[in-house]
K.L.:
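Can you keep this structure in mind? I'll have questions shortly.
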Amino acid sequence: MLQYYILNMPVASVIFALTIGLSIYVFSNPEWFGRLMLHPYSIHRDKSRWYLILTSGLIHKDWMHLLFNMITFYYFGFGLEGIFVEISGPMGHLWFALLYVAALVLSDIPTIIQQKDNYGYHSLGASGAISAVLFSYILFYPKMMLGIFMIIPMPAYLFAFLYLGYCIWASKNARDGINHDAHLFGALTGIVFTLILYPWIFKHFIGQFTG
């Protein structure tokens, strides 16, 4: 019975509710920012604080940060879990959970390595994992139209190409306080995870353009 409930748990709903709830709690209790944000300096010196990799992905800087990420997750996270379940049955819920958690972890590892000696560096937000969700979804529907900034129409495959290019450039040149490495490695995690899980998706992706 327990196994049945675990395999049929609506993972996207749990992530959505948990992220919104914990973020709102931290907004009202700002002392928790320091306890839950990613702090590479501490993680490098105290491996027991690895949990910060996960908790930092469940909180956000402000309402705008939370709203943008949750709108993206709402449109693509629930849909992607549905795709996984349609293909893999109840195991699809588990695959979606593993994709999200793997992206949270792998998108932060480059930052931890780069900033391990920078005591003043902190990071938070679900952007790395949500990038993974978005790019996994794009593999299934590369020609769908996205509304960039809610108004600019653009095919998903073009957005993906431009997004990755911008992340690579911004990780080296931008000074805007945004963790662009997390976006980049989250997107790559989504692509690689989906290719490993469903190797045929590459042929499907190419077939969308070749007919």
K.L.:
Any side-chain heavy atom of Val101 within less than 4.5 Å of one from Leu54?
P.N.:
yes
K.L.:
Looking at side-chain heavy atoms only, is the closest gap between Ile130 and His183 below 4.5 Å?
P.N.:
no
K.L.:
Is Leu124 close to Leu36 at the side-chain level, that is, under 4.5 Å between some pair of heavy atoms?
P.N.:
no
K.L.:
Would you call His204 and Leu139 a side-chain contact if the rule is heavy atoms closer than 4.5 Å?
P.N.:
no
K.L.:
Look at the side-chain heavy atoms of Ile, Leu, Val, Met, Phe, Trp and Tyr, link any pair under 4.5 Å apart, and say whether Leu67 and Leu58 land in one connected group.
P.N.:
yes
K.L.:
Tabulate below the donor-acceptor pairs under 3.5 Å that side-chain atoms of residues 186-198 make, not counting sequence neighbours, or state none.
P.N.:
from, atom 1, to, atom 2, distance (Å)
Thr189, OG1, Phe185, O, 2.7
Thr194, OG1, Ser136, OG, 2.6
Thr194, OG1, Gly190, O, 2.7
Tyr198, OH, Ser88, OG, 2.6

K.L.:
Parallel, tilted or perpendicular: which fits the ring planes of Phe73 and Phe96, with parallel below 30° and perpendicular above 60°?
P.N.:
tilted
K.L.:
What's the separation between atom CD1 in Ile109 and atom CG in Asp181, rounded to the nearest 0.5 Å?
P.N.:
12.5 Å
K.L.:
Would you please test Leu99 and Leu80 for side chain to side chain contact (heavy atoms under 4.5 Å, CB included) and show each step?
P.N.:
CA-CA 11 Å; Leu99 167 64; Leu80 182 65; 3.5 Å; yes
K.L.:
Heavy atoms only: give me the nearest Asp62-His65 pair and the separation to one decimal.
P.N.:
OD1-N, 2.8 Å
K.L.:
Looking only at heavy atoms, what is the nearest atom pair of Ser56 and Ser123, with distance?
P.N.:
CB-O, 3.7 Å
K.L.:
Please round to the nearest 0.5 Å and tell me the distance separating atom OH of Tyr157 and atom NZ of Lys143.
P.N.:
7.0 Å
K.L.:
Indicate, with yes or no, if Leu162 and Met145 share a hydrophobic cluster defined by side-chain heavy-atom contacts under 4.5 Å among Ile, Leu, Val, Met, Phe, Trp and Tyr.
P.N.:
no
K.L.:
What's the separation between atom CG in Asn69 and atom OG in Ser23, rounded to the nearest 0.5 Å?
P.N.:
9.0 Å
K.L.:
Other residues, nucleotides and ligands only: do more than 12 of their heavy atoms fall within 6.0 Å of CD on Glu86?
P.N.:
no
K.L.:
Taking all non-hydrogen atoms of both residues into account, name the closest pair between Ala129 and Ala103 and its distance.
P.N.:
CA-CB, 3.6 Å
K.L.:
Determine, using ring centers only, whether Phe140 and Phe205 are less than 6.0 Å apart.
P.N.:
no
K.L.:
Do Met64 and Leu22 belong together in a cluster built from hydrophobic side chains that touch within less than 4.5 Å?
P.N.:
no
K.L.:
Let me confirm one number: the CD1-NE2 distance from Ile112 to His39, rounded to the nearest 0.5 Å.
P.N.:
11.5 Å
K.L.:
Are Phe76 and Phe78 connected in the hydrophobic side-chain network, where two residues link if heavy atoms are under 4.5 Å apart?
P.N.:
yes
K.L.:
For Lys47, does the NZ atom have more than 12 heavy-atom neighbours from other residues, nucleotides or ligands under 6.0 Å away?
P.N.:
yes
K.L.:
Is a side-chain N or O of Asn118 found less than 3.5 angstrom from the main chain of Gly120, in a donor-acceptor match?
P.N.:
yes
K.L.:
What are the two closest heavy atoms between His93 and Val11, and how far apart are they?
P.N.:
O-CG2, 3.4 Å
K.L.:
Flag the pair Asp46 / Tyr41 as yes when at least one side-chain heavy-atom distance between them is below 4.5 Å, and no otherwise.
P.N.:
no
K.L.:
Kindly state each residue pair satisfying salt bridge (Lys or Arg N to Asp or Glu O under 4.0 Å) with at least one member in residues 90-109, sequence neighbours excluded.
P.N.:
none
K.L.:
Kindly give the heavy-atom pair with the smallest separation between Ala126 and Gly57, and that separation in Å.
P.N.:
CB-O, 3.2 Å
K.L.:
Within the 4.5 Å heavy-atom criterion, are Tyr75 and Leu134 side-chain neighbours or not?
P.N.:
no
K.L.:
State yes or no: are the ring centers of Tyr137 and Tyr141 separated by less than 6.0 Å?
P.N.:
yes
K.L.:
Please tell me if the side chains of Leu38 and Thr55 come closer than 4.5 Å, counting only heavy atoms from C-beta onward.
P.N.:
no
K.L.:
Can you list everything that forms a ring pair (Phe, Tyr, Trp, His ring centres under 6.0 Å) with Trp50? Sequence neighbours excluded, please.
P.N.:
none
K.L.:
Could you walk me through whether Arg45 and Asp117 pass side chain to side chain contact (heavy atoms under 4.5 Å, CB included), step by step?
P.N.:
CA-CA 9 Å; Arg45 288 159 179 77; Asp117 295 320; 3.0 Å; yes
K.L.:
Is there a path from Phe135 to Leu158 through hydrophobic residues (I, L, V, M, F, W, Y) whose side chains come within less than 4.5 Å of each other?
P.N.:
yes
K.L.:
With rounding to the nearest 0.5 Å, note down the distance linking CG in Leu52 to NE2 in His122.
P.N.:
9.0 Å
K.L.:
Which atoms form the tightest heavy-atom contact between Glu81 and Ala12, and what is the distance?
P.N.:
OE1-N, 2.8 Å
K.L.:
Would you compute the distance between atom CE of Met37 and atom NE2 of His60 and round it to the nearest 0.5 angstrom?
P.N.:
13.5 Å
K.L.:
Phe68 vs Trp63, test: side chain to side chain contact (heavy atoms under 4.5 Å, CB included). Steps then yes/no.
P.N.:
CA-CA 9 Å; Phe68 181 81; Trp63 283 101; over 6 Å; no
K.L.:
Assign the ring pair Phe16 / Tyr74 to parallel, tilted or perpendicular, where the plane angle (0 to 90°) is split at 30° and 60°.
P.N.:
tilted
K.L.:
For Tyr51 and Arg49, run side chain to side chain contact (heavy atoms under 4.5 Å, CB included): C-alpha distance rounded to whole Å, both residues' side-chain angles, the deciding distance at 0.1 Å, then the answer.
P.N.:
CA-CA 5 Å; Tyr51 64 88; Arg49 302 196 69 187; 3.9 Å; yes
K.L.:
Given side chains that start at C-beta, do those of Ile87 and Trp95 come closer than 4.5 Å, heavy atoms only?
P.N.:
no
